[in-house]
Protein chains: 2
Amino acid sequence: MHLQATTQRNTFTQPAPRAARPVPQAPVAGESIEMMGAVMPFARNAEIYGENEPAEYLYKVVSGAVRTYKVLNDGRRQIGAFYLTGDVFGLEIGDVHSFSAEAIADCKVMLIKRSTMVALAARSHDVAHQLWTMTATELQRAQAHIMLLIKTAQERVAGFLLEMAARSPGCAAVELPMSRQDIADYLGLTIETVSRTLTQLENSAAIAVPSSRRIVLRNPAALSRLNA
Amino acid sequence: MHLQATTQRNTFTQPAPRAARPVPQAPVAGESIEMMGAVMPFARNAEIYGENEPAEYLYKVVSGAVRTYKVLNDGRRQIGAFYLTGDVFGLEIGDVHSFSAEAIADCKVMLIKRSTMVALAARSHDVAHQLWTMTATELQRAQAHIMLLIKTAQERVAGFLLEMAARSPGCAAVELPMSRQDIADYLGLTIETVSRTLTQLENSAAIAVPSSRRIVLRNPAALSRLNA
DNA sequence: CGACCCGTTTGATTCAGGTCAACGGCCACA
DNA sequence: TGTGGCCGTTGACCTGAATCAAACGGGTCG
């Protein structure tokens with residue numbers, strides 16, 4: 001149940017992290033993380049890092065999409081978050097990752113050495129503040145996720161669609177990079193329930209589903225009402 | 001449904017925050033937050049702050065216990081976290097609180113002015129690092145909470161008991177400061193299900209419940225196994 | 001062009017947990 | 001020593017989502 005297709009590392013497109021070219025030092029205070037780090041491509045379903053691996057880097061999505069997740073003993077998978085272009089992930093306080101991360105689609109990810117960031121933060125309050133802010137943003141995301149998980153199937157799906165819409169540049173139609181299984185594992189539902197709920201929402205004219213990965217929010221107000 | 005007994009502010013035991021005595025300035029780097037701020041008492045069920053109120057302070061539990069929560073349109077309440085002696089809460093990146101906070105039992109809480117902390121963080125890397133660490137701890141707590149919410153009732157209750165046990169100094173018996181309703185709203189269950197599950201665990205000899213607020217972990221290994 | 005594969009949808013049935021209702025224990029207070 | 005209010009427990013029943021199963025559709029590849 002909840003099996004992933006092919007989750008093994010793709011050793012072709014993903015050189016070992018140690019092989020990354022040296023991260024340029026950026027000693028100036030007020031430096032943003034934008035301008036440092038090496039960009040690395042990952043193929044669809046490639047593992048970016050694994051749970052309990054040392055957290056050597058922090059990551060920024062340059063293009064594509066990423067999921068973080070945990071798998072329980074019995075195989076149930078919970079997706080912690082989806083990261084789209086511009087999002088930062090892999091930020092941990094401990095020195096190991098508490099989730100695993102995989103590419104949802106082929107994507108490019110910028111790697112920034114954690115030790116570099118931490119050292120930089122010690123010198124630049126700006127960088128320190130950025131680190132704090134990113135962690136706090138992540139916290140807010142997690143708290144919103146908790147609020148989703150106590151709701152009904154309809155409310156969860158509606159909430160998910162609104163969240164994705166809010167994160168998409170173009171407003172009307174949402175292009176979903178992830179499968180129904182991913183959505184289900186994010187929302188704590190089964191694919192069947194997600195699928196059924198989407199057709200339900202379509203029948204009630206709240207959304208349109210021209211193709212399975214493309215969803216038009218026909219009546220966002222109705223969705224918000226569902227979102228409680 | 002999920003109604004709280006008496007949730008209004010108790011204006012007797014809780015002077016307005018503005019009346020707090022001035023926070024001593026602590027310019028020395030390496031300063032800990034321990035030594036600054038005024039301690040204030042709150043009566044059982046008194047509101048400490050409300051959702052969407054400006055986040056002027058951050059709080060540390062000196063004694064007693066606190067819950068943070070949100071209420072949905074339809075009255076469902078979700079408890080975000082329980083805070084026991086020594087825990088810090090109310091740490092936000094935005095300038096309003098995203099949850100409400102209430103005293104579970106009579107308690108004493110230390111208030112620290114947020115602006116003071118932020119100013120201090122700008123001068124002391126140590127303080128900045130503390131702020132970051134506290135936020136990250138909160139993030140981990142939230143992520144663990146997410147993992148709880150996708151599980152079965154048994155697993156949630158077992159997980160909750162183990163969490164509380166881990167946070168209690170004395171190991172064998174857990175003294176729960178919160179009601180069944182609080183536990184239910186934390187775990188996304190009903191009081192009936194929490195109650196039933198506890199008796200189930202008692203019948204299977206995993207725990208003993210000498211009094212409703214006191215629980216002995218008779219077989220922590222079995223609970224851990226449930227916890228998946 | 002047809003065969004297959006994968007992700008998705010749809011249908012039938014089951015079950016965990018919710019709902020509704022009654023009861024019991026404990027404590028404060030008269 | 002009653003009596004009323006909480007809080008927690010237990011029971012009977014119901015329902016929303018999971019499970020099991022089958023069919024569909026849109027790709028790729030021989």
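The sequence lines fix the lettering, A, B, ..., with proteins before strands; numbering per chain opens at 1. Computed from a predicted structure; not experimentally measured.
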Quiz item: Is the Lys NZ or Arg CZ of Lys108(A) less than 6.0 Å from the centre of Phe42(A)'s six-membered ring, within 45° of the axis?
Solution: no
Quiz prompt | Check: Tyr59(A) ring centroid to Tyr49(A) ring centroid under 6.0 Å | solution = yes
Practice problem: Could you check how far CZ of Arg196(A) sits from P of dT8(C), rounded to whole Å? | Solution: 15 Å
Quiz item: Which nucleotide, dG18(C), dG7(C), dT8(C), lies nearest any side-chain atom of Ser212(A)?
Solution: dT8(C)
Exercise. Would you kindly check whether a donor in the side chain of Glu192(B) faces an acceptor in the base of dC20(C), or vice versa, at under 3.5 angstrom?
Key: yes
Self-check item: For Ile191(A) against Ala184(A), the heavy-atom pair lying closest together
Solution: N-CB, 3.6 Å
Exercise. Starting at atom CD of Gln154(A), determine the distance to atom C1' of dA18(D), rounded to an integer number of angstrom.
Key: 17 Å
Exercise. Quick one: label Arg213(B) by what it contacts on the DNA or RNA (base, sugar-phosphate, nothing), any heavy atom closer than 4.0 Å.
Key: sugar-phosphate
Practice problem: Name the nucleic acid region contacted by Thr152(A), choosing base, sugar-phosphate or nothing; use a 4.0 angstrom heavy-atom cut-off, strictly under. | Solution: sugar-phosphate
Self-check item: Member of Glu138(B), His145(B), Gln143(B) meeting the side chain to side chain contact (heavy atoms under 4.5 Å, CB included) criterion with Arg141(B)
Solution: Glu138(B)
Exercise. Could you tell me whether Arg213(A) and Glu175(A) have a side-chain N and a carboxylate O separated by less than 4.0 Å?
Key: no
Practice problem: Let me know the distance between CG of Leu201(B) and P of dT10(D), rounded to the nearest Å. | Solution: 13 Å
Quiz item: Between atom CD in Gln181(A) and atom P in dT9(C), what is the gap in whole Å?
Solution: 13 Å
Quiz item: So which nucleotide from dG8(D), dG18(C), dT8(C) ends up closest to the side chain of Arg180(B)?
Solution: dG8(D)
Exercise. Ignoring backbone atoms, test whether Ser195(B) places a side-chain nitrogen or oxygen under 4.0 Å from the OP1 or OP2 oxygen of dT9(D).
Key: yes
Protein-nucleotides 25-28 of chain D N/O pairs under 3.5 Å:
none

Quiz prompt | d(CZ, Arg76(A); P, dA16(C)) in whole Å | solution = 13 Å
Exercise. Would you write the dot-bracket representation of DNA chain C, where each base gets (, ), [, ], | or . depending on whether it forms a Watson-Crick or G-U pair under 3.5 Å and with which partner?
Key: ||||||||||||||||||||||||||||||
Practice problem: Ignoring backbone atoms, establish whether Thr199(B) has a side-chain N or O less than 4.0 Å from OP1 or OP2 of dT10(D). | Solution: yes
Practice problem: Could you state the atom-to-atom distance from CD of Gln200(B) to P of dT10(D) in whole Å? | Solution: 11 Å
Practice problem: Using distance alone, with no hydrogens and no angle criterion, decide if Ser100(A) and Glu47(A) have a side-chain donor and acceptor under 3.5 Å apart. | Solution: no
Quiz item: Counting heavy atoms not belonging to Arg218(B), are there more than 12 under 6.0 Å from its CZ?
Solution: no
Quiz prompt | Identified side-chain hydrogen bond (donor to acceptor under 3.5 Å, both in side chains) partner of Tyr69(B) from the options Gln78(B), Glu102(B), Arg77(B) | solution = Glu102(B)
Quiz item: What's the CG-C1' distance between Asn45(B) and dC6(D), to the nearest Å?
Solution: 12 Å
Quiz item: Looking only at heavy atoms, what is the nearest atom pair of Val61(A) and Phe89(A), with distance?
Solution: CG2-CE2, 3.7 Å
Self-check item: Pairwise side-chain contact, Leu226(B) with Leu201(B), heavy-atom cut-off 4.5 Å (strictly under)
Solution: yes
Quiz prompt | For atom NZ of Lys151(B) and atom P of dA16(C), their distance in whole Å | solution = 18 Å
